[in-house]
Amino acid sequence: MIVLGIETSCDETALSIVESANGQHISVRADRTLSQAKLHEQYGGVFPNLAKREHQKNLPLMLPSLLAEAGLAEENPHLDAIAVTVGPGLEPCLWTGIKFAEELAKKWGVPVVPVNHMEGHIFSALLRRKECNMNHVPRIKRTCSVPLLHAPCYMLHAPCFPALALLISGGHTELVLIQGRFTYEIIGRTRDDAVGEAFDKVARLLGLPYPGGPEISHLAEEVRQAEQGLALYSRLSLVKLPRPMLHSNDFDFSFSGIKTAVLYLIKKLPTPLTVEIKAAIAKEFEDAVTEVLIAKTGKAIEQYGAQALLIGGGVIANTHLRRAFEQLATEANMPLFIPEGNLTTDNALMIAVAGFLRLTMKDGSTKPHEENLVAKGNWGEYFPMRK
Ligand code: KG4
Ligand code: ZN
């Protein structure tokens with residue numbers, strides 16, 4: 001089957017064409033992600049209507065070259081399905097992707113499969129790039145489709161169950177218990193800001209550009225690596241931020257308190273803040289966030305007897321967090337699945353893969369929708385879901 005994935009839930013416009021016979025070996029015929037981050041920088045966050053207009057502009061511009069690269073004809077590429085993110089995300093942006101998918105589906109006479117963005121992030125953690133051995137990649141012969149010999153190949157790993165997924169992005173912070181393929185239960189979530197949102201807001205308080213996560217990470221790493229920085233950091237040991245809900249009796253999170261603590265701290269410091277002070281705050285902030293995420297995840301692993309740990313979402317690009325989770329998984333003696341390369345951020349490959357798997361579910365519970373999909377900005381559930 002060949003599936004086109006469409007992702008427009010936030011500020012990335014992404015399209016991907018994947019081919020697979022079994023959902024395990026996935027050949028990526030073409031894949032594009034266009035980030036709007038630079039455009040939103042002046043607003044210090046994503047401005048929904050601007051993002052929507054950009055998606056409307058980008059999608060039709062990106063499609064022809066995507067199809068050409070995939071070796072498919074624009075008039076009728078003979079796809080098997082179109083997978084589109086219908087939620088959660090910014091509704092004006094989601095609608096743009098949905099309308100685009102529905103128009104193409106009508107034109108090409110193919111079904112549309114609705115995909116939950118968070119399920120996409122779960123699958124992105126399980127994808128591993130592999131050397132393409134054409135003998136192992138069953139390729140469906142099509143008169144209209146040119147076989148691509150150099151298409152990147154991925155393997156979709158199957159974790160042991162129960163598995164635990166931590167999803168950390170600009171809009172979400174969730175601990176998800178996965179009892180079996182497609183059986184999810186959210187056991188904890190943030191009660192206020194998402195962890196990526198906290199990174200972005202703290203970066204803004206420190207006068208750093210959007211998106212703030214990579215900026216904070218960069219400064220904090222400098223402090224960790226430079227001896228001089230460490231000495232300075234110990235002199236700045238007054239920089240101590242709270243670890244909200246660290247000892248709470250559940251798996252929920254709260255990050256807005258750390259951000260407020262940074263605000264009060266800055267008010268007490270002489271301005272403008274020096275780079276050293278910014279770096280010390282960045283490091284302490286990163287330490288606080290990491291401590292809470294690791295403690296809650298570790299507790300959930302123990303309580304639910306998780307056999308594998310999956311992490312998805314843009315924040316897991318963070319070097320310090322990655323190291324901390326590698327250590328946690330080693331100590332718990334369990335496999336850790338973290339997305340490779342640019343699969344941490346929003347992308348359409350994960351949406352195409354989720355759509356493919358939903359469409360080929362043996363119980364047939366996901367019916368392709370021919371038309372009239374609805375954007376679900378707060379889609380907190382992945383179907384089928386027990387909670
Ligand atoms: O998953 P994603 O690309 O988009 C959403 O669905 O939100 O995540 C974006 C978030 C932003 O808040 C960004 O600051 C954060 O991921 N992020 C990072 C890093 N790289 C991106 N946070 C911490 N450290 C990073 N290196
Ligand atoms: Zn995302």
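Counting starts at 1 for both ligands and their atoms, following the listed order. Quick caveat: nothing in here was measured; it's all calculated off a predicted structure. Just so you know, these numbers use all the heavy atoms, side chains as well, and skip hydrogens, waters and symmetry mates.
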Which segment of N318 sits under 4.0 Å of ligand 1 when only heavy atoms are counted
both

Atom 4 (O) of ligand 1: closest protein heavy atom, distance to 0.1 Å, is D346 OD2, 3.3 Å

Who's the nearest protein heavy-atom neighbour of atom 22 (N) of ligand 1, and how far?
G213 CA, 3.3 Å

Sub-4.0 Å heavy-atom approach of H121 to ligand 1:
yes

A student checking ligand 1 against H117 at a 4.0 Å heavy-atom cut-off should list atoms 6 (O)

Taking K107 first and then E103, would you say they form a salt bridge - that is, a charged N and a carboxylate O separated by under 4.0 Å?
no

Part of H172 with heavy atoms under 4.0 Å of ligand 1, whether side chain, backbone, both or neither:
neither

Between C10 and ligand 1, which part of the residue brings a heavy atom under 4.0 Å of the ligand: side chain, backbone, both or neither?
neither

When you measure from the Zn ion (ligand 2) to the N, O or S atoms of H121, does any of those distances fall below 2.8 Å?
yes

So does D200 pair up with R204, basic N to acidic O under 4.0 Å?
no

Do you know which N/O/S atom name in D346 is closest to the Zn ion (ligand 2)?
OD1

Positive for side chain to side chain contact (heavy atoms under 4.5 Å, CB included) with K296, one of D250, L166, L246:
D250

Would E119 and R358 pass as an ion pair if we require N to O under 4.0 Å?
yes

Should the pair E286-R224 be classified as a salt bridge under the 4.0 Å nitrogen-to-oxygen rule?
yes

Under 3.5 Å, N or O to N or O, is T345 touching ligand 1 that way?
no

Considering only heavy atoms of G171, which atoms of ligand 1 have at least one such atom less than 4.0 Å away?
7 (O)

Please write down residue, atom name and distance for the protein heavy atom closest to atom 21 (C) of ligand 1.
G314 O, 3.5 Å

Salt-bridge criterion met for E54 and K57 (N-O under 4.0 Å):
yes

Below 2.8 Å, can you find an N, O or S atom of H172 next to the Zn ion (ligand 2)?
no

Should the ring pair F182 and F123 be called parallel, tilted or perpendicular, given that the plane angle runs from 0 to 90° and is split at 30 and 60?
perpendicular

Can you sort out which atoms of ligand 1 are near P211, meaning under 4.0 Å from one of its heavy atoms?
14 (O)

Basic-acidic side-chain contact under 4.0 Å: K283, E221
no

A student checking ligand 1 against G196 at a 4.0 Å heavy-atom cut-off should list atoms 12 (O)

Quick one: does H218 get within less than 4.0 Å of ligand 1, heavy atoms only?
no

Would you call E291 and R243 a salt bridge, using N to O less than 4.0 angstrom?
yes

Check this for me, if you would: do K259 and D193 make a salt bridge, where the nitrogen-to-carboxylate-oxygen distance has to be below 4.0 angstrom?
yes

Nearest option to atom 12 (O) of ligand 1, as decided by whichever heavy atom of D200, I316, V315, V195 sits closest:
D200

Quiz item: cation-pi between K299 and F251, 6.0 Å / 45°
yes

Atom 10 (C) of ligand 1: nearest protein contact (heavy atom, Å):
G170 N, 3.6 Å

